[in-house]
Enquirer: 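Dropping a structure here in structure tokens format, bear with me for questions.
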There are 2 protein chains.
Amino acid sequence: MANLDQQLRFAPVSPVRAYERVIEQIEAAVLDGRLRPGEHLPSERELMVQFDVGRSTIREALRVLQSNGLVRSRAGDPRGPQVQPMSSGALEKSMTMLARASALSLAELVQFRMLLEGSANQLAARLRTPEQLAEMEAALDVMRAALDKGFAEFSQADVAFHETVAKATGNTLIQICGAVVRDVVVGLIEDKIAHASDSRALMQTSLQHHANVLDAVRDGDGDRAATLARQSLYDYYAEYVPEDERAALLPLLY
Amino acid sequence: MANLDQQLRFAPVSPVRAYERVIEQIEAAVLDGRLRPGEHLPSERELMVQFDVGRSTIREALRVLQSNGLVRSRAGDPRGPQVQPMSSGALEKSMTMLARASALSLAELVQFRMLLEGSANQLAARLRTPEQLAEMEAALDVMRAALDKGFAEFSQADVAFHETVAKATGNTLIQICGAVVRDVVVGLIEDKIAHASDSRALMQTSLQHHANVLDAVRDGDGDRAATLARQSLYDYYAEYVPEDERAALLPLLY
DNA sequence: CCGGTCTACTGGTCTGACCAGTAGACTGTG
DNA sequence: CACAGTCTACTGGTCAGACCAGTAGACCGG
């Protein structure tokens, strides 16, 4: 009996549905590069012959693949469903869902963003090319110009600046994850800041912080850039994080 | 004309499919808490009456919701599709897809992992509970014991150790992203290390590095833990990263 | 060269059918 | 009374066939 409990445990068995095996095959073909973005799958009626299943099975598989961003169907297109370029849309959607269902706290999101942006600036400070530095300067100028155009414009310019930094790291994952968590956080907070009475003062402060970070990046001082970036995020978002969760953010500051 | 170019741009219009509106409604009900995890939706045949659409439409909607982890259908269950507890499964899946599909170089993956694990250890050093520290000690013991059981066992114990650290940060995103990128990197490298002539020496070194990191965590020294963790990853993986890309990893070390 | 029309497809949706699986009520038995 | 088996009324998974609206590309007339 001890034998059974320790070694011979069985896992619950679940039937493999037909549409799942269709998904598997198409997914594999896309991931292996046998199907490249832009290319087209055969039409549903053709697929149902190849897979030897009914059309509804094919359609259910395509719906799932579509919801995962791998494929897109356009009614009437004689070329069939199109393989989509890799995108972080699905990632962003599921993260937003988790955040909305409060399975992800704002504290976690901000903490993760501090971590990412901090390291991104650290890398950017050391790896940036002169052209990339110029782009960052330009992005900061746009932010400065947006000061008088309202919060929405400013926030957009803010995001653009961070994206420029992320790009300068040369790391795709940093860019993608950064963009996703940035969008989610901004989406959660935006309203509150926009309606703050002193939103202009907040923008002013934020602008100064970004300028300081950029200075560090210009000097190639990675550690300073990272620290300033994290501090800047903390100052910007801390008040929206419940007090008892704020402690978790501090270890990233000093 | 300038007017048209700057202001009056129209966005492409896309028809809203019936199944999409079904998804919207159910999704909203789940996110608003009107449908709680564990509860059941009406049967497909009942839903098709309520939404006034055909069953195939209902099914396509349910397939998407199921693929997003919101709902699960079991054939034959008279209670209908069940609302699932919130899970990060979908996030993890889309993340893995991106990591696998987007032609990421090993350098990028290792860099991202250095970044994540570094910060994870930094946070863990400051936020860990005594129980979590004990878990890490235990995980290290398992690694030590696995030294003689071959590389596969050791690698598994290695991963388990990192997972313990990630858990101690208390941050879901760190855990998920860490797990994903860890799996991808390990999957890419495993073979090469396993067949290395001096694989035992590598394991020995790795074990020592982990012990050092754990010392720093035990001392609550976040910066040291982070630095050691990053250095350890670098030493472990650098030789598999093409030389000309290795430079991108250095800014994270000092 | 270009706006229309035509055509042969496409995907989106509905209907109706069959099967295998499941829960819960029912049954007969000890 | 407890309980293994059976029954029943559903469920979801799958298929076949139909219809409509939408699209690309060929074709046509100016």
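Basis for what follows: all heavy atoms, side chains included, without hydrogens, waters or symmetry-related copies. Lettering follows sequence order; numbering is per chain, from 1.
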Enquirer: Hey, is Arg182(B) close enough to Glu117(B) for a salt bridge, meaning N to O under 4.0 Å?
Expert: yes
Enquirer: Rounded to whole angstrom units, what separation is found between the OH atom of Tyr19(B) and the C1' atom of dC14(C)?
Expert: 16 Å
Enquirer: Determine: side-chain N/O of Thr57(B) to OP1/OP2 of dC14(C), distance under 4.0 Å, yes or no.
Expert: yes
Enquirer: Between residues 74-82 of chain B and DNA chain D, which residues have a heavy-atom gap below 4.0 Å?
Expert: Arg74(B), Ala75(B), Gly76(B), Asp77(B), Pro78(B), Gly80(B), Pro81(B)
Enquirer: To the nearest Å, give me how far apart CZ (Arg59(A)) and P (dC14(C)) are.
Expert: 11 Å
Enquirer: Please state how far atom CZ in Phe51(B) lies from atom P in dC14(C), giving the value in whole angstrom units.
Expert: 12 Å
Enquirer: Hey, are Thr164(A) and Glu135(A) close enough side-chain-wise for a donor-acceptor pair under 3.5 Å?
Expert: no
Enquirer: So Tyr237(B) and Arg113(B), side-chain hydrogen bond (donor to acceptor under 3.5 Å, both in side chains) or not? Walk me through it.
Expert: CA-CA 11 Å; Tyr237(B) 290 119; Arg113(B) 215 187 135 188; 2.9 Å; yes
Enquirer: Classify Ser56(B) by what it touches in the nucleic acid, base, sugar-phosphate, or nothing, heavy-atom distance under 4.0 Å.
Expert: base
Enquirer: What is the distance, to the nearest angstrom, from the CG atom on Asp52(B) to the P atom on dT13(C)?
Expert: 13 Å
Enquirer: Chain B on DNA chain D: first and last contacting nucleotide, 5' to 3', under 4.0 Å to a heavy atom?
Expert: dT11(D) to dT14(D)
Enquirer: Mark yes when over 12 heavy atoms from residues, nucleotides or ligands other than Asp244(A) sit less than 6.0 Å from its CG; otherwise mark no.
Expert: yes
Enquirer: Using a 4.0 Å heavy-atom cut-off across all strands, classify Arg63(A) as base, sugar-phosphate, or nothing.
Expert: sugar-phosphate
Enquirer: To the nearest Å, how far apart are Arg55(B) CZ and dC18(C) P?
Expert: 14 Å
